Amino acid sequence: KATVSVLNWTPRSPVRQQPLSRVGPPPKMRALALLTLTGAAAVSACRTELDCSLNGVCTAGACRCDAGWKGGDCGVLNELPARRDTGYQPRDAAGRISSWGGSIVRDPATGAWLLFASEFVNHCGLGDWSPNSRVVLAKAVGDDPAGPYEFVKEVLPTFAHNPSVVSTHDGKWIMYTIGRPCTKVRNCTPGAAPGWARGAREAPCPRPNDPAPGNMESGVSAFITGNLTGAWTRVGDGYVLGDGGAGWNADTTNPYGYVKPDGSVLMMYRGCAKGCSGSTEQLGLAGAGHYTDAALTRLNGDAPLAWPRDPALTNNEDPFIYQDARGRYHALLHQLFPKGGFGCYEKAGVWHGCEVGRHAFSYDGLEWHWSATTPYNTTVQYTDGTSEVLYRRERPHLLIQDGVITHMTNGVSVASGYAHTMIVPINTE
């Protein structure tokens, strides 16, 4: 087990992020307009760039937004219509194969766009993400980073989930994941024996004092490669942060590690109490002196992040962090309750759980602020002129090219359980 220490830590030099990297409506669709992000101003006038969500500059009392952002406080991602065939939507003779988000990376050896994604084996849906998730490599059919993508090979077998692939300063890539080896999986292929059957909060591959005994999600692993289409090497025995104790982050999961040019790492992760049952899902920080280190250091005194502007909205997960061209830190997140959560639906003419995006920003990577505006929700516009309200839209990742956000990936799902990886272009003008 990797060692973990606690101290206050200061991030190192800022840099631009290197290029990385239930579709289906609720029962009723008649109120689509209610879910459209308008980008209306969240402040009547700005005084500093904090009022512009650090996504722009404050000039003569008004925010001038950076490319990729819009709105009175520059808090809304400027999404463009997506093609319905893009992203990762594999299928075989037995039917559709579900996936759940990932990282887009351009292969310097071939110029091809690659996607590292979570894919669920044996035709199972999102409900069986644990233990059926594995990490796969897919390749874009053409030269569009939005895809569509086709399966190339398995990178990590079950159970491996939540891959985040980040480039390093010295021509390598590091991939952060959650999970542990487990071959007891369900089989949802039509006509096949069901395989492992889920019990009441029972893990198919248990371990002693498991912080997440039901889904095996706790713990962070890291892998390194110098060849995106080659093999990956594990860093040490894995970054095991969750300890099964009584702390707020006994269950540690959903990591994203930002690698700086000096090789140091700033990681944001989601933590909750053991079993994560009925507890708040909060965000924490960890760091490493170098991405090859076999241990992480918990930052911020091992306390969860505090949100001075909106302390009530602490329930969040799936962080993606980066630095912009001015060196400001940003985090894009999946917002949970009360505004978001795990399903957008309409009841008695009112939409619930649809504001699933959340944006945070920071000068130093340690003290963070919320944007007052939801950056994206469950409504997606398509190039064929139609719109759709997604039931779930989570796991946000951004593709950033030359310091500009060009695409966002999400895991999206339909009420039936089928899920796929959606890629939406961002307006860069």
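No experiment lies behind these values; they were computed from the predicted model shown. Just the heavy atoms: all of them, side chains too, but no hydrogens, waters or symmetry mates, feed the values below.
Side-chain contact between R180 and P131 is absent, with no heavy-atom pair separated by less than 4.5 Å. Between H369 and L50, some side-chain heavy-atom pair lies under the 4.5 Å cut-off. Counting only heavy atoms from C-beta outward, the side chains of I423 and M408 never approach each other to under 4.5 Å. Under the 4.5 Å side-chain criterion, counting only non-hydrogen atoms from C-beta, W351 is in contact with C344. Residues L305 and N300 meet the side-chain proximity criterion, which asks for heavy atoms closer than 4.5 Å. Side-chain atoms of T428 and Q401, non-hydrogen and from C-beta on, never get closer than 4.5 Å to each other. Inter-residue side-chain proximity for P181 and F159 is flagged as unmet; no heavy-atom pair is nearer than 4.5 Å.
Under the rule for a ring pair (Phe, Tyr, Trp, His ring centres under 6.0 Å), the partners of H334 that lie at least two apart in sequence or sit in another chain are F342. Evaluation of the ring pair (Phe, Tyr, Trp, His ring centres under 6.0 Å) rule for W232 yields F116 as partners, not counting sequence neighbours. Under the side-chain hydrogen bond (donor to acceptor under 3.5 Å, both in side chains) criterion, T253 pairs with no residue at all, not counting sequence neighbours.
Taking the six-membered ring where the residue is Trp, W129 and H161 present tilted rings, their angle falling between 30° and 60°.
At least one donor-acceptor pair closer than 3.5 Å links the side chain of N377 to the backbone N or O of T379. In this structure, the side chain of S133 does not engage the main chain of S130 through any donor-acceptor pair within 3.5 Å.
Remark: of the listed residues R186, K184, R134, R186 is the sole one forming a salt bridge (Lys or Arg N to Asp or Glu O under 4.0 Å) with D128. Exactly one residue among L137, T177, V136 makes a side-chain contact (heavy atoms from CB on, under 4.5 Å) with L156. That residue is T177. Tested against H359 for a ring pair (Phe, Tyr, Trp, His ring centres under 6.0 Å), the candidates Y329, F320, Y322, W69 yield a single pass: W69.
R83 has a carboxylate O that lies under 4.0 Å from a charged side-chain N of D144, or vice versa, which qualifies the two as a salt bridge. Contact check on K139 versus E150 returns no salt bridge, with no Lys/Arg side-chain nitrogen under 4.0 Å from an Asp/Glu carboxylate oxygen. Look at K274 and D251 and you find no salt bridge, because none of the NZ, NE, NH1 or NH2 atoms lies under 4.0 Å from a carboxylate O.
Nearest heavy atoms, Y88 versus A138: CE1-CB, 3.8 Å. Across all non-hydrogen atoms, the minimal contact from I97 to H123 is CG1-CD2, 4.1 Å. Closest of all the heavy-atom pairs between E394 and D318 is CB-OD2, 3.8 Å. Residues N249 and Y269 come closest through the heavy atom pair ND2-OH, 2.9 Å. Shortest non-hydrogen contact noted between C182 and T158 is O-OG1, 2.7 Å. Of all the heavy atoms in W368 and S362, the pair that sits closest is CD2-CB, 3.5 Å.
For Y363 and E49, the side-chain atoms include at least one donor-acceptor pair closer than 3.5 Å.
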Start with the C-alpha distance between E355 and R393, add both sets of side-chain angles, then the distance that settles salt bridge (charged side-chain N to carboxylate O under 4.0 Å, His left out), and finish with yes or no. CA-CA 10 Å; E355 296 184 50; R393 189 182 189 186; over 6 Å; no
Using the salt bridge (charged side-chain N to carboxylate O under 4.0 Å, His left out) rule, take R84 and E388 through it: C-alpha gap first, then chi angles, then the decisive distance, then the call. CA-CA 11 Å; R84 287 184 176 271; E388 188 170 34; 3.7 Å; yes
Under the salt bridge (charged side-chain N to carboxylate O under 4.0 Å, His left out) criterion, do R328 and D364 qualify, and how do the steps go? CA-CA 7 Å; R328 313 312 194 197; D364 60 6; over 6 Å; no
Does the side-chain contact (heavy atoms from CB on, under 4.5 Å) test come out yes or no for N162 and S164, once each step is laid out? CA-CA 7 Å; N162 197 169; S164 300; 4.2 Å; yes
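Sulfur-to-sulfur, C63 and C58 sit at least 2.5 Å apart at their SG atoms. Remark: SG of C65 is found under 2.5 Å from SG of C74.
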